[in-house]
Amino acid sequence: MKTTNPSKTPADAPAPTAVKPQLIIAVLCFGALSAALMQTLVLPIQIELPRLLHAAASDTSWVVTATLLGGGVAMPVAGRLGDIIGKQRVLVGSSVILVIGSIVCALSTSVWPMIGGRFLQGIAMGFIPVAISMVREVVPAHMASTAIATLSATMGVGGAIGLPLAAWIAQDYNWHALFWVSAGLAALMVVATTFLVPNVSDGHPASIDVVGAISLAIGLIATLVGISKGNEWGWASTNTLLCVVGGLLVLVLFGRYELRQQDPLVDLRTTARRPVLLTNIAAMLIGFGMMAQSIVVPQLLEMPKATGYGLGQSILEAGLWMAPGGLMMMFLAPVSSKLMTTVGARITLAIGAGVIGAGYLVALFMMSAPWQLLVASCISMAGVGIGYAAMPTLILENVPPAEAGSGVGINTVMRSIGTTVAGAVMASLLTSRTITLKPGTPAIPSSDAFKLCFLVGAVAALVGGAIALTISGRRPKRAEPARDDLALAEA
C-alpha cells in the first residue's frame, strides 16, 4: 500500500487515507481479537493434552505457558519495532507469525512442535499494543477515545469468547480444527492489514537494540516461568527460586544497560515518570482482577453439585456463562470514551477498578446459581473494559510520540504480569482450603476457598483504583459531536 506522509497534515490530524476510519478500526479490532483468542484456545482440551500429544502432564502444561511467554516477550519489542520501522509493517508481520504458529500447531502430533507453535502464537499478540498506539495516526481525534477503548477491550473479549468457541470446536470436531480455524483467522488478518490499514510514515529513525531485546526476553521469560510454575514446582524449590531471582537480576541488568543507550528498547526515564509508572502498576493490579475471575468462576461453575456449592456445568456450558462478560467489555467502549472525555482517563481508570471490585463483592454473596455468577462476571468485566480503555490513553498522554508503541507495549506486559500473578495466587488460594467428597478421591477447593479468591480479587482491584487516583490528571478536552463515535461503535 502506498505510504502517506503525515508531515503535510496538522500534528493532531490523522494521515490522509482513502480507507474510512471505521473500517480501519474494524480491521485492527478483528486482528487484536484474533490474537487475543490464542490465550484460551487450548484450555478446553488442556486436561486431554497428555493423551493427545503422548507426553507427560508436566510437559504439556507448557502448551499453555508458551503463549504467555511469547506474548510477554513480543509486546514491548513489537511496540518498539513499530516506533522504528512503522506500525503497519509490524501488524502484518505479527499476522504472518500467527499464521505460521497456527499451522505448526495444526500439524503437530507431539508436544515440542506444539509448544513451538504456541510460542509463535503468543508472539503474534504483539499485534495488540501496536494497533492501540496506531489509532491516533489513522482516525480523527474525536474518534480516538472510542477506538482505543474498543481495541483495549479485545484482550478480555478474546479470552472470554475463546473459551466457549474452543470448547464447541474441540467437542464436535477434531482438536486440530482449533488451530486450522486460528490459521484461517490469521490469514484474514494478513490480507486485511496489508490492504486496508494505511502504511503511514510513522517510523522514527533509530537502531534496534538487539542486546536489550534479548536480555528483556530472558528476564521476562525466566520471571514469568517461575511465577506460573511456582505452585507446580513449589515456591521454595530450586527451580522456582532460580527462575524468579535470576529473571529479576537479568531485568535489573537490562535496566542498567538501557540507561546507557542512545536508542534504548525501553526508555526507562520515560517509564519512570510518575503518571506512566503509576498507570503500569494499576495495570498489573487490574490485570490481576480480570484473570482472577476468569480462573475462579469457571471452576465454581464446573464443580460437582454434590459439594453443595458446585453448579455442575460442563466446560461448554461454563464457557457460555462466561461469554457475556467478555462481550460486555466491547459494548461499554462508547461509555468508556464518554467518561474519558468528561472526567478524564485517570478518573475513568479509577471507576473501572471500582466496578471490578464491586463485581467481586457481588460474587462473594451471590454464588449459588449460574445466573448469579453471570451477573457478577458482567459487572467485573464491565469494569475491566472501562479500565483497559483508560490505560493506553494515560500512557499515550505521557510518552513522546516516538515511544508510543513501546510505551503501550510495556503497559500491556504489566497487565500480563498481573494475569500471571493472578494465576499463581488463585491456584494457591484454591488449594489452601479443600474438602474430599469420598475417601480416596482428590481434594477439591472448598466454598471458603472460592470466597477468599473473590475477596482477594476485590482488594486487588480496589487498590488499583486507589493508585489510579494518585496519577496526576490532565484536564479532559471538550467533547466533540458524538455521531462519529456512534458510527464507529456500530461498525
Side-chain angles (χ1 to χ4, degrees), residues 1-9 13-38 74-75 77-104 106 120-121 123-141 143-144 146-155 157-158 179-204 330 333 392 404-405 408-409 484 487-491:
M1 176 167 283
K2 184 178 180 180
T3 301
T4 58
N5 186 358
S7 63
K8 297 180 181 180
T9 62
T17 174
V19 183
K20 291 184 177 181
Q22 291 90 340
L23 182 57
I24 296 173
I25 295 304
V27 170
L28 294 179
C29 285
F30 170 74
L33 181 64
S34 300
L37 281 171
M38 300 308 110
M75 285 186 241
V77 175
R80 183 58 177 159
L81 282 175
D83 293 333
I84 295 174
I85 66 174
K87 298 179 178 63
Q88 191 259 5
R89 294 184 177 92
V90 176
L91 294 178
V92 173
S94 298
S95 303
V96 171
I97 291 172
L98 183 55
V99 172
I100 296 171
S102 299
I103 292 175
V104 169
L120 290 175
Q121 288 185 319
I123 288 177
M125 290 186 67
F127 186 105
I128 298 173
V130 177
I132 293 172
S133 63
M134 187 181 192
V135 165
R136 291 186 175 180
E137 299 170 5
V138 295
V139 303
M143 298 173 63
T146 299
I148 291 173
T150 306
L151 266 168
S152 301
T154 57
M155 286 192 70
V157 175
F179 301 104
W180 288 119
V181 169
S182 66
L185 293 173
L188 290 175
M189 287 169 60
V190 173
V191 174
T193 53
T194 300
F195 295 103
L196 297 177
V197 176
N199 184 16
V200 297
S201 298
D202 59 345
H204 303 275
M330 190 71 77
V408 175
D484 289 313
L488 176 59
E490 291 172 1

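Keep in mind that this is a model prediction, so the values were computed, not measured.
Taking all atoms of both residues into account, the shortest heavy-atom contact from A78 to V130 is O-CG2, 3.5 Å. When all heavy atoms of A74 and I123 are compared, the closest pair comes out as CB-O, 3.2 Å. Scanning all heavy atoms of the two residues, the minimum distance from I85 to R89 falls at O-NH1, 2.7 Å.
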Under 3.5 Å, which donor-acceptor pairs do the side chains of residues 93-100 form with other protein atoms, sequence neighbours left out?
| unit_1 | atom_1 | unit_2 | atom_2 | d |
| --- | --- | --- | --- | --- |
| S94 | OG | V90 | O | 3.0 |
| S95 | OG | L91 | O | 2.9 |

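Considering CE of M189 and CG of L33, their distance stands at 9.5 Å, rounded to 0.5 Å. Note that CG of L185 and CZ of F179 are 13.0 Å apart. Values are rounded to the nearest 0.5 Å. Going from atom CG of L196 over to atom CD of Q88 covers 10.0 Å, rounded to the nearest 0.5 Å. Within the model, atoms CD1 of I24 and CD of E137 stand 11.0 Å from one another, a figure rounded to the nearest 0.5 Å. To the nearest 0.5 angstrom, M134 atom CE is 11.0 Å from L151 atom CG.
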**Request:** Check the pair M75 / I128 against side-chain contact (heavy atoms from CB on, under 4.5 Å), numbers first and verdict last.
**Result:** CA-CA 8 Å; M75 285 186 241; I128 298 173; 5.7 Å; no
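In this structure, the side-chain hydrogen bond (donor to acceptor under 3.5 Å, both in side chains) partners of S102, at least two apart in sequence or on a different chain, are Q121, S182.
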